[in-house]
S.K.: 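Attaching a single structure in structure tokens format; questions to follow.
Whatever order the structure lists ligands and atoms in, that order sets their numbers, starting from 1.
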Amino acid sequence: MREKTIPVKVGNAVIGGGAPVLVQSMTTTSPKDVEGSVKQIIELASAGCELARITVPTLADAEKLREISEKVRSAGVKIPLSADIHYQPKAAFEALKWVEKVRINPGNFVSGEDKIFESFAPFAREAKKLGRAVRIGVNHGSLSARILAKYGNTPLGMVESALEFLSVCEAENFDQIVFSLKSSHPKEMVEANRLMAERLKTGGHKPYPFHLGVTEAGEGEDGRIKSAVGIGALLIDGIGDTIRVSLTENPVNEIPVAFALLQAAGLRRTKAEFISCPGCGRTLFDLQSVTAEVKKRFSHLKHLSIAVMGCIVNGPGEMAGADFGYVGAASGKVTLYEGSLPVLKNIPQSDALNALENLIKERGKWSE
Ligand code: SF4
């Protein structure tokens, strides 16, 4: 069960409040390269990205957001844009004018505790006035010297840092906030988010939404596994309203991983659910090539779950309530299942895929 969170409006999208977990990514371009940034945002949106974040190192970069946003909108792309700010409150104020969400890092927005209210309260007021969302984005590894001295580089330090900034938003009666507590270590990131969720509850705060991500997760298989462990653990806890799978690759590659992760956590269906056994000495056909073929042919049926099981001995029992099953029955023979019922028995393997497609069509469960 997902934890209940308040809805935070980000342009035409909503984070939290029961909305589907939003998939986001980040450009790798400089905002000064307006054309390059616009091109990458459009590519991300075409890949299914639902919010694009742009790094904004300086005020001059923030000023470029106007042109980037205008060009993205005139290309018909409607996904909200977010600016990522470190060290530059002036850039954060400028960004509020042009993009739907601004991420600030409590570790470097201001330097002294006494200055938090005086620096951050006007920002929260401005965000409220303009109807913008703000992410209070804490990173393990960029906590302020003051927090480090008090709590160390720990999940508790991350939480205390976020709570300080929350207290300013609450004093300003501004609640369009999303929290993130990221680390390149999935374990720390999971601990920090769990603790933050707990502190919001016990502290009598509103249930604000969470943005999940493992920073610097890396590339390839390592990056994907780290992200899946950190983000996945929290999603299974019911925590998380938007995710970013951060990979050292073209950001477009992050999007299918994010959707696969959400599907594995049972939160979004973007393709058919496939169940297939690993194969063993009982397997009666080339499991890998048949599974690949089944995925190619039936992936678009996202309302269905389809199993490919190597043998009739254990296959039917272990296909976990799939809607349809392709199960090895004897050498060169396949039995097709509908739920737990064998409906076409011992058909030649060469006909089995067409027969499965026909069966799905006969049951009115096909779509083009
Ligand atoms: S379903 Fe059959 S073939 Fe597949 S792993 Fe289990 S016993 Fe082996």
Side-chain angles (χ1 to χ4, degrees), residues 1 186 190 217-237 245 253 255-368:
M1 266 284 269
V190 168
E219 50 78 58
E221 191 179 67
D222 289 350
R224 284 160 177 77
I225 290 177
K226 273 193 191 174
S227 292
V229 168
I231 297 172
L234 290 163
L235 290 176
I236 298 293
D237 280 357
V245 173
N253 294 354
I255 308 306
V257 183
F259 280 114
L261 215 158
L262 290 174
Q263 177 141 351
L267 289 166
R268 295 215 31 194
R269 279 291 274 262
T270 45
K271 59 183 180 187
E273 185 69 28
F274 293 106
I275 294 146
S276 57
C277 75
C280 70
R282 292 186 192 270
T283 310
L284 291 161
F285 54 84
D286 181 352
L287 204 48
Q288 290 181 28
S289 65
V290 170
T291 303
E293 191 57 37
V294 166
K295 281 189 161 179
K296 206 164 120 196
R297 216 150 144 165
F298 303 112
S299 268
H300 67 292
L301 303 173
K302 61 180 184 183
H303 52 292
L304 293 184
S305 58
I306 298 173
V308 181
M309 306 299 278
C311 78
I312 208 136
V313 182
N314 293 327
E318 292 179 1
M319 59 194 198
D323 298 304
F324 294 95
Y326 178 114
V327 181
S331 179
K333 295 282 166 41
V334 167
T335 291
L336 296 183
Y337 279 73
E338 185 180 11
S340 55
L341 295 177
V343 286
L344 287 167
K345 290 185 186 171
N346 294 311
I347 54 175
Q349 197 197 330
S350 52
D351 299 341
L353 281 174
N354 286 338
L356 178 56
E357 182 172 327
N358 289 337
L359 177 64
I360 295 171
K361 283 179 175 163
E362 274 167 30
R363 299 298 194 257
K365 293 182 173 169
W366 183 264
S367 62
E368 292 300 338

S.K.: Can you list the atoms of ligand 1 that are under 4.0 Å from a heavy atom of Gly315?
M.R.: 1 (S)
S.K.: Would one find more than 12 heavy atoms of other residues, nucleotides or ligands at under 6.0 Å from atom NZ of Lys361?
M.R.: yes
S.K.: CD of Gln288: more than 12 outside heavy atoms within 6.0 angstrom?
M.R.: no
S.K.: Keeping Thr283 on the side-chain end and Cys280 on the backbone end, is there a donor-acceptor pair under 3.5 Å?
M.R.: yes
S.K.: For Thr283 and ligand 1, answer yes if some heavy atom of the residue is under 4.0 Å from a ligand atom, otherwise no.
M.R.: yes
S.K.: From Cys277, does some N, O or S atom reach closer than 2.8 Å to atom 2 (Fe) of ligand 1?
M.R.: no
S.K.: Show the atoms of ligand 1 that are less than 4.0 angstrom away from any heavy atom in Arg282.
M.R.: 7 (S)
S.K.: Using the side-chain hydrogen bond (donor to acceptor under 3.5 Å, both in side chains) criterion, which residues pair with Asp351? Sequence neighbours excluded.
M.R.: none
S.K.: How far is atom 2 (Fe) of ligand 1 from its nearest protein heavy atom, and which residue and atom is that?
M.R.: Cys311 SG, 2.3 Å
S.K.: Of the protein's non-hydrogen atoms, which lies at the shortest distance from atom 7 (S) of ligand 1, and what is that distance?
M.R.: Asn314 ND2, 3.2 Å
S.K.: Can you sort out which atoms of ligand 1 are near Cys280, meaning under 4.0 Å from one of its heavy atoms?
M.R.: 3 (S), 5 (S), 7 (S), 8 (Fe)
S.K.: Using the benzene-type ring in the case of Trp, are the ring centres of Phe298 and Tyr326 under 6.0 Å apart?
M.R.: no
S.K.: Check the pair Ile312 / Lys333 against side chain to side chain contact (heavy atoms under 4.5 Å, CB included), numbers first and verdict last.
M.R.: CA-CA 11 Å; Ile312 208 136; Lys333 295 282 166 41; over 6 Å; no
